[in-house]
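In what follows, every chain begins at residue 1, and chains take the letters A, B, ... in the order their sequences are listed.
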Amino acid sequence: MKYKSQAVAYYFFAVCMLLLALQIVYGFIMGFAHLGFDGLHEWIPFNAARAVHTNLLVMWMLSGFMGAAYYIIPEECERELVSTKLALLQLGAFVAVGVTAVIGFHFNWWEGRKFLEIPRPLDYLVVVDVLLFIYLIGRTVWQAKRHTTTSIVLFFGLLCAALLYIPGMIDTSSQTMDSYWRWWVVHLWVEGVWELIMGAILSYLLIKLTGVDREIIEKWLYVIVGFTFLSGILGTGHHYYFIGTPKYWLWIGGAFSALEPLAFLGMAIYAIAMAKRGGRSHPNKTALSWTIGCSILSFVGAGFLGFAHTLPQVNLWTHGTLVTAMHGHMAFWGAYAMIILAIITYSVPAMTGRKLHDSGMNIFAFWTSNIGMICMTLAFAVAGISQVYLERKMGMDFLSVQKEIEVHFLGLILAASLFTLGIGAFIWNFIRYGLPHAEAQGSDSYKN
Amino acid sequence: MLSKSSAKLFFLVGTGLCVGTFLLLTIDTIRRVPEQTNQQNLSESAIRGKHLWETNNCMGCHTILGEGAYYAPELTKVYERRGPKFIAAMLKDPYAMYPGQRKMVRYDFSDSDIQDLTAFMKWIGEMDLNGFPPKPNIGQIATIEGVGAGTGVAQTIDRPIAFNQMCIVCHKLRGQGGDVGPALDGVGSRLDRDYIVRWLHDPQAVKPGTLMPKLPLSEEEIVELSAFLSQLKEDAK
Ligand code: HEM
Ligand code: HEM
Ligand SMILES: [Fe+2]
């Protein structure tokens, strides 16, 4: 770690760990409810558990992206952040808003729009908080001595993510238009600007971990994010097939979203090729595992499993079934959870000065959580495909179908337990690092 | 080889073109949606219903237009599937309508809230959704081998609408329907028509403590249903 202010990232990552742990608790509540054990129904009905599960997910990912930006930007810009105090204030406010929202969900205070459940008054606070974040990063970039592609792409991705939150607040009395704007946030985030953020973090990690020339890595970064936008923007149409929007979206959405996997394939090839090409053997092997793992599983979860249900002929049958949940888990995990865990694995040893990155516990965490998540995806897949056949293709009653597929939720719970064991190990290892340490600061602690 | 500046140009031009096209299509979509979704029928009541739908986060268990959660039935076509009377009964007391099943939240809705939510679902159900939800297309359990096929006992009365909307929630007939009550195949051999009429008027009066709730049926519907049920004889299975 070269710059003192980078250490502020640690606190963002600590928040990630906490929220991830809570998210998993609520995941289990839903898993058990699907199995028929809904003893918590009076206090935490399914819709509350779900809103908490997905909102905590989004929150810890945003916290992770912010932490990553505070860590990467000083190094890329070769200067300190403009203010670490404001960065901590910004984190505190973010957490306060998030906690209020999550508590509110338990008391029927929400907006009831999937993924955007946060009530309107809190939406405004989110916007203010994110503007402060953008200001801090933007000002640091603006005053920098050098402007690298990585820092520009990262900043641009974060800025667009902030701006795209706004269409989600457009008020309309039509359910169709409500849904139309909702996708500007949800889709254009995960299949658009978040990919820029992911690509930039990936490129930073590859530069550090493989030692391949920055020019080459950054050139391919442009090509990949170019593909992302080329396919992803009009690919939004794959959510406009069946919500009361014109029929031409079937062609446009189908054709462009079918190209989206290319960007993820590009990322996988890029990461693997750079790792092979790089002569440097960086001491932090586990960070490289997470980085390469991320590029591969994001292709599997988003690219492959996304493609599996994106054509209108297929989506007609799978739309709004557990098939979507299968894809949602693997895509979020492979692309965004893993990139955040990669940057945490890379940066925390540098911030704290303790070299626990290749500890047995951390290696165990990598394999167990990934195998667990792959098994969870399989459980959702079997449940989802059975649901499509029995309910949609054969016309069986919804609840009877749920009885038939109940057993796969037992599989889900088992797989999720394995996954949780891995995440537990990751968090435990994170705690063992301790707090950022003054001695680790002001030097490049990996010494390369 | 591709240079960094041409890679950058590719990114900028590609993005610009796509953003432009997307904005134009959005304008066109905004123009066409009112007609495709029958916006003229979107009454004040339905708008209030949408508001109730959102403030109670029904989407956190159900899907609508195929969006939401996968814990409870798709509601896009629920108005057609169950009819307004069943929906009203369901929103009044979900535990009575699906005893012992997965739980819905028991809300304190007033009658006008229920009317608003029903109006909202009616409006949703009438939109042109480009073919969603699709009709089942394999192993049609219920339609092909009808009552009496090959047995000589022809079915004289079609299934009443009330039967298809309410009774199959809990009862199976020819393999289709819910599991809460007994299958009704051959019920006409087991029970006489008078009993069925009394039963449908008030199950609790006939058999206290039974899980079958008193359903919102009119006199004509009871006549129709009892006529239909009493001709479902054992051999006609
Ligand atoms: C990392 C990237 C991605 C993430 C995190 C992600 C996540 C999700 C989530 C959470 C949903 C459910 C959204 C909702 O119903 O509100 C969803 C839906 C969908 N995704 Fe993705 N996705 C990603 C990439 C892709 C890609 C590349 C494709 C296509 C090739 C794709 C195709 C779809 C489709 C077709 C649906 C709609 C499913 C339905 O009709 O129910 N996704 N995605
Ligand atoms: C480890 C334990 C976990 C369990 C048991 C679990 C279980 C579930 C369940 C049952 C649902 C609701 C599906 C429905 O509506 O019926 C759900 C939704 C969701 N979960 Fe998890 N989950 C877990 C972890 C995770 C993780 C680690 C992620 C992200 C990386 C994640 C991302 C999501 C997303 C995006 C949705 C919404 C999916 C959609 O709407 O299509 N979950 N989860
Ligand atoms: Fe999408």
Residue A/F105 versus chain B: region with a heavy atom under 4.5 Å: neither
Contacting region of A/S231 [heavy-atom separation from chain B under 4.5 Å]: neither
Top contributor to chain B interface from A/Q387, A/E117, A/R182, A/M30 [non-hydrogen pairs under 4.5 Å]: A/R182
Nearest-0.5 Å distance that lies between atom CG in B/L129 and atom OG1 in A/T176: 7.0 Å
Spatial distance of atom CG (B/N130) from atom OH (A/Y240) [nearest 0.5 Å]: 14.0 Å
A/L221, part contacting chain B, at a heavy-atom distance under 4.5 Å: neither
Plane angle bin for A/F242 and B/F132 - parallel if under 30°, tilted between 30 and 60°, otherwise perpendicular: parallel
Residue pair A/M394 / B/Q176, side-chain heavy-atom distance below 4.5 Å: no
Contact class of A/Y241 relative to chain B, heavy atoms under 4.5 angstrom: backbone
Proximity breakdown for B/T63 and chain A, heavy-atom pairs closer than 4.5 Å: side chain
Non-hydrogen atoms of A/R50 and B/G68 that approach each other most closely: NH2-O, 3.7 Å
Any A/W184 side-chain heavy atom under 4.5 Å of B/T26 side chain: yes
B/L52, part contacting chain A, at a heavy-atom distance under 4.5 Å: neither
Least distance between heavy atoms, B/T55 atom then A/W110 atom: O-NE1, 3.1 Å
Minimum heavy-atom distance between A/L399 and B/R102, given as atom pair plus value: CD2-CB, 4.2 Å
Nearest heavy atoms of A/G244 and B/V33, plus distance in Å: O-CG2, 3.9 Å
Per-residue contact mode, A/F156 against chain B (heavy atom under 4.5 angstrom): side chain
Best-contacting candidate, A/F115, A/F256, A/W183, against chain B by heavy atom pairs under 4.5 angstrom: A/W183
Residue B/L9 versus chain A: region with a heavy atom under 4.5 Å: neither
Straight-line distance of A/L234 CG to B/L17 CG, nearest 0.5 Å: 10.0 Å
Contact winner vs chain B - A/E111, A/K247, A/Q175, A/E391, heavy-atom pairs under 4.5 Å: A/Q175
Region of A/T318 in contact with chain B, defined by heavy-atom distances below 4.5 Å: neither
Side chain, backbone, both or neither of A/R392 within contact of chain B (heavy atoms, under 4.5 Å): both
Heavy-atom side-chain contact between B/C18 and A/F229 under 4.5 Å: no
Under 4.5 Å from any heavy atom of chain B - which part of A/A51: side chain
Interchain contact, A/I252 with chain B, by part (heavy-atom threshold 4.5 Å): side chain
Heavy-atom proximity to chain B below 4.5 Å, by part of A/P45: side chain
Rounded distance (nearest 0.5 Å) linking atom CZ of A/R113 with atom CG of B/N57: 11.5 Å
Proximal component of B/P73, with respect to chain A [non-hydrogen, under 4.5 Å]: both
Side chain A/H319, main chain B/L65, donor-acceptor under 3.5 Å: yes
Heavy-atom pair count under 4.5 Å with chain B, highest-scoring of A/T228, A/I243, A/I224, A/V223: A/I243
Side chain, backbone, both or neither of A/L188 within contact of chain B (heavy atoms, under 4.5 Å): side chain
Side-chain heavy atoms of A/N47 within contact of B/Y71, under 4.5 Å: no
Distance in Å, A/W220 CH2 paired with B/L2 CG, rounded so as to fall on 0.5 Å steps: 5.5 Å
Main-chain N/O of A/K219 paired to B/K4 side chain as donor or acceptor, under 3.5 Å: no
Contacting region of A/Y222 [heavy-atom separation from chain B under 4.5 Å]: both
Under-4.0 Å salt bridge between A/D178 and B/K50: yes
Close side-chain approach of A/L230 and B/F10, heavy atoms under 4.5 Å: yes
Structural part of A/E215 lying under 4.5 Å from a heavy atom of chain B: both
Heavy-atom pair of closest approach, residues B/T29 and A/Y248: OG1-OH, 3.2 Å
Straight-line distance of B/D179 CG to A/D397 CG, nearest 0.5 Å: 8.0 Å
Region of A/L316 that comes under 4.5 Å of a non-hydrogen atom in chain B: both
Note, B/Y70 side chain near A/V323 side chain (heavy atom, < 4.5 Å): no
